[in-house]
Amino acid sequence: MKNINSIEEYDNLRSWPFIEAKKIIDSFGGFEEFKKPKKDFVIFETGYGPSGLPHIGTFGEVIRTSMIKNAFDFLVQCPSKIIIFSDDMDGLRKVPDNVPNKSMLEKHLGKSLTSIPDPFEKFKSFGEHNNSMLKKFLDDFGFSYEFLSSTDLYKSGFFNDMIKTILKNQSNILSIVLPTLREERKKTYSPFLPVCPNTGKVLQVKIEEYNLKNNTVIYKDPNNTKLQEISVLDGNCKLQWKVDWAMRWMALEVDYEMCGKDLTDSVDLGKKICNSLGKSFPINLIYEMFLDENGEKISKSRGNGIGIEEWLRYSSPESLSLFMFQKPKSAKKLHFDVIPKNVDDYKKFLEQYNKNNSLSKCDNPVWHIHSGNPPKIKDYSFNFNTLLNLVSICNSTDSDVIWDFIKEYDKNINQKNDPYINELVKYAINYYKDISLPKKKYKLIDENSMEIFYDLKNTLINLNKSSKSEEIQSQLYEIGKRNKFENLRDFFKLIYQVLLGQDEGPRLGSFISFYGIGKTISLIDRAIKNEDLSK
RNA sequence: GGGCGUAUAGCUCAGCUGGUAGAGCAAGUGACUUUUAAUCACUGGGUCGCAGGUUCGAAUCCUGCUACGCUCACCA
């Protein structure tokens with residue numbers, strides 16, 4: 001089945017995943033004369049360093065790559081897959097902050113991650129632990145991918161042929177890499193990092209001799225300065241990472257890989273290496289970094305910006321996907337304030353998608369977010385900011401109470417039939433619990449106003465339990481009047497400050513009606529006793 | 001020093017392949033005469049960073065410049 005019927009339709013697709021997919025297609029003859037690559041499928045790669053756990057950047061890279069793959073699959077008939085490559089053979093450079101058994105790890109610094117015990121004591125090695133965390137992370141989001149371990153491919157000999165080629169051309173490669181290095185590093189630089197047979201450490205040492213006949217290199221053992229000869233094959237040597245990257249492209253025949261702009265120069269270098277060996281290299285997209293609200297780069301160690309688990313606590317995965325979809329080449333501020341806009345934009349795009357029937361639907365962000373199959377959600381007429389506001393104002397973590405207010409506002413939706421909106425309510429409640437609640441300042445009742453609250457309490461007790469919000473409301477006005485408030489506004493403000501810990505609030509009649517007269521009375525009781533209502 | 005990105009209303013930003021400047025928030029005015037706002041209606045003349053160029057026509061394409069920011073030049 002063909003999704004695209006003419007070159008015009010093809011040319012009209014403008015969104016960036018299509019633009020990127022077209023670059024791949026062009027490299028294989030273009031849309032009309034497309035020919036599958038010799039290996040019979042197209043490979044997208046994303047790589048992960050050893051430094052630790054998956055984070056929001058990881059998510060961004062995988063979802064963006066998936067969007068391109070999806071666009072590619074839509075345009076041409078050609079199998080494709082995403083490879084997640086773990087650099088688990090890299091040496092551990094420093095002990096991460098967020099792990100147990102730090103002193104144990106300390107002893108293994110410099111060794112490959114896959115030959116260091118798991119500090120969590122669940123897997124055979126630290127590397128395997130990290131790999132499994134990565135896989136779980138990706139699985140939780142439902143990404144499809146093929147996982148590859150650097151260690152496995154080195155040790156199994158999969159890389160051997162390409163490593164031999166690198167060895168043959170090592171002087172050529174040196175001439176490409178050396179000019180990019182500082183004087184100090186130039187002296188010892190080699191594409192080959194021997195794995196010390198005695199200590200297991202990945203050694204960054206000067207290579208004294210390259211032996212092409214035996215596929216070995218000779219170096220001085222840093223411990224005893226004796227010359228040591230070691231094979232470059234079967235995982236006895238690792239390649240220095242930039243060369244490693246290029247080697248991997250060639251060995252796996254990677255067609256597409258994106259990366260953050262901090263790797264710009266490395267990509268360039270990798271391409272040059274491939275070129276010098278007469279090999280092709282992947283099409284590359286360089287995306288911008290994420291910034292915090294002050295415009296500074298987000299880094300896990302600094303803990304600025306917002307983490308993926310935070311986003312998902314306060315909002316939907318779809319809104320995060322939308323964020324990731326927008327403008328990968330622009331630096332984007334990633335902090336809480338951008339969430340509501342993405343939630344509302346998602347809804348807007350989805351509505352647009354479900355109305356419009358033209359091919360340009362495929363350029364709609366939701367098409368990419370949902371791999372070509374966006375769902376339908378019930379229209380709702382408030383925005384997410386409003387919902388956040390509502391929960392905060394209602395001072396309730398009870399979604400039933402929130403829903404009572406929502407239903408009053410929009411009768412067409414309800415808790416059972418609109419699960420998407422119900423999710424939004426949960427997110428809003430989380431936000432309220434974490435952000436708004438701690439900021440509340442409950443006012444204690446002073447002697448002058450104590451009467452008012454007794455009056456309020458007694459009035460509520462005498463009310464019929466089935467009283468409607470309007471009746472309650474008019475009773476409230478009466479209380480205000482008989483307690484001689486010149487401006488009733490101050491009366492309500494006092495109640496909000498004491499009972500809700502804020503200056504403003506919902507229409508009290510409605511609030512008491514939904515919240516429950518009985519519950520309101522017990523709330524007043526606690527306030528009268530000067531209990532801390534924030535707990 | 002190399003690379004990249006951004007410069008559009010007070011703020012945050014949209015403006016796709018060039019054709020009379022938009023949204024959200026903030027602000028203002030009015031309405032609901034019983035507070036409140038998750039209310040409703042109305043209100044946006046901003047040299048689209050600067051200077052050239054292409055064009056009948058440019059925020060939109062090209063060149064140069066300026067400012068700000070990010071990134072690399074250890075390791076990965």
Side-chain angles (χ1 to χ4, degrees), chain A residues 11-16 18-19 47-52 87 89-94 110 113 150 179-185 188-189 193 202 204 238-242 244-245 259-269 286-291 293-298 326-333 335 337-338 340-341 344-345 348 360 363-364 380-394 402 405-406 408-410 428 470 473-481 485-496 500 502-511:
Chain A
D11 285 341
N12 275 331
L13 294 167
R14 300 279 169 194
S15 46
W16 69 264
F18 282 118
I19 303 286
Y48 292 97
S51 50
D87 274 312
M89 196 165 152
D90 288 9
L92 180 67
R93 296 186 63 245
K94 67 171 190 184
L113 289 158
S150 177
T180 68
L181 299 174
R182 288 185 182 174
E183 288 308 316
E184 188 120 343
R185 183 73 176 102
T188 58
Y189 183 85
L193 309 176
V202 182
Q204 207 179 104
K238 189 193 151 356
L239 297 187
Q240 192 278 338
W241 94 277
K242 290 176 194 177
D244 194 39
W245 204 10
C259 63
K261 79 167 175 190
D262 50 329
L263 298 183
T264 309
D265 292 344
S266 308
V267 174
D268 248 26
L269 203 68
I286 289 174
Y287 57 85
E288 262 285 357
M289 315 310 283
F290 296 114
L291 310 175
E293 60 265 52
N294 300 317
E296 288 173 43
K297 184 186 171 185
I298 284 186
Q326 308 277 21
K327 289 197 176 192
K329 285 187 174 185
S330 300
K332 298 169 69 60
K333 289 186 181 176
H335 56 107
D337 296 358
V338 306
K341 183 174 158 47
D344 295 333
D345 282 353
K348 198 175 69 190
S360 67
D363 278 331
N364 188 310
Y380 57 96
S381 47
F382 50 87
N383 61 39
F384 192 59
N385 250 330
T386 304
L387 188 58
L388 292 176
N389 214 347
L390 172 65
V391 174
S392 175
I393 265 172
C394 290
I402 309 300
F405 280 93
I406 294 174
E408 192 182 59
Y409 183 69
D410 187 336
E470 281 309 308
Q473 186 72 16
S474 57
Q475 287 298 318
L476 291 169
Y477 290 128
E478 291 307 315
I479 299 170
K481 283 178 190 166
F485 276 89
E486 277 184 29
N487 194 339
L488 277 175
R489 182 180 196 143
D490 294 332
F491 166 66
F492 285 96
K493 192 171 173 182
L494 176 67
I495 296 178
Y496 294 133
L500 305 184
Q502 58 203 17
D503 289 345
E504 294 171 347
R507 194 178 177 86
L508 268 178
S510 311
F511 177 76

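Not measured: the values here are computed from a predicted model. Labels below follow one simple rule: chain letters A, B, ... track the order of the sequence lines, proteins then strands, and each chain is numbered from 1.
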Taking [atom1] from [X] and [atom2] from [N], how many angstroms apart are they, rounded to a whole number?
X: Gln240(A); N: C75(B); atom1: CD; atom2: P; answer: 6 Å
X: Ile286(A); N: G3(B); atom1: CD1; atom2: C1'; answer: 8 Å
X: Asp265(A); N: C75(B); atom1: CG; atom2: C1'; answer: 14 Å
X: Arg14(A); N: A14(B); atom1: CZ; atom2: C1'; answer: 19 Å
X: Asp345(A); N: G15(B); atom1: CG; atom2: P; answer: 11 Å
X: Trp241(A); N: C72(B); atom1: CH2; atom2: P; answer: 11 Å
X: Glu288(A); N: G5(B); atom1: CD; atom2: C1'; answer: 5 Å
X: Lys242(A); N: A73(B); atom1: NZ; atom2: P; answer: 6 Å

Contact between [X] and [Y] at the side-chain level, heavy atoms closer than 4.5 Å - yes or no?
X: Asp244(A); Y: Asp87(A); answer: yes
X: Asp363(A); Y: Asn12(A); answer: no
X: Ile495(A); Y: Lys493(A); answer: no

Inset, instruction - From the options Lys332(A), Lys333(A), Lys261(A), Lys329(A), select the one residue that forms a salt bridge (charged side-chain N to carboxylate O under 4.0 Å, His left out) with Glu288(A). - result: Lys261(A)
Legend entry - Residue-phosphate contact under 4.0 Å: Thr180(A) side-chain N/O, A73(B) OP1/OP2: no
Legend entry - Distance test, side-chain N/O of Arg185(A) to OP1/OP2 of C75(B), below 4.0 Å: yes
Could you tell me whether [X] contacts a base, only the sugar-phosphate backbone, or nothing, with contacts defined as non-hydrogen atoms closer than 4.0 Å?
X: Lys329(A); answer: sugar-phosphate
X: Lys327(A); answer: sugar-phosphate
X: Arg93(A); answer: base
X: Leu263(A); answer: base

Say we look at [N] and [M]: how far apart would their [atom1] atoms be, to the nearest angstrom?
N: G46(B); M: C4(B); atom1: C1'; value: 29 Å
N: C62(B); M: G5(B); atom1: P; value: 11 Å
N: G15(B); M: U60(B); atom1: C1'; value: 9 Å
N: G24(B); M: U33(B); atom1: C1'; value: 32 Å
N: G52(B); M: G57(B); atom1: P; value: 16 Å
N: A23(B); M: C48(B); atom1: C1'; value: 16 Å
N: G22(B); M: G45(B); atom1: P; value: 10 Å
N: U6(B); M: A38(B); atom1: P; value: 37 Å

Nucleotide nearest [X] when distance is taken to its side chain, options [options]:
X: Asp87(A); options: A76(B), C4(B), C13(B); value: A76(B)
X: Lys261(A); options: U71(B), G5(B), C75(B); value: U71(B)
X: Asp262(A); options: U71(B), U35(B), A14(B); value: U71(B)

Legend entry - Which atom of Val391(A) lies closest to which atom of Ala428(A), heavy atoms considered: CG2-CB, 3.7 Å
Legend entry - Closest non-hydrogen atom pair between Met289(A) and Asp262(A), with its separation: CE-OD1, 3.6 Å
Legend entry - Contact nearer the 5' end of RNA chain B, comparing Phe492(A) with Asp11(A): Asp11(A)
Legend entry - Residue whose closest nucleotide on RNA chain B lies nearer the 5' end, Thr264(A) versus Gly509(A): Thr264(A)
Which nucleotide, in any strand shown, forms a Watson-Crick or G-U wobble pair with [N], with both distances under 3.5 Å?
N: G24(B); answer: C11(B)
N: C61(B); answer: G53(B)
N: A67(B); answer: U6(B)
N: U17(B); answer: none
N: A41(B); answer: U29(B)

Legend entry - Polar pair under 3.5 Å, donor/acceptor by atom type, side chain Gln473(A), base U35(B): yes
Inset, instruction - Please work out whether the ring planes of Trp241(A) and Trp245(A) are parallel, tilted or perpendicular, with thresholds of 30° and 60°. - result: parallel
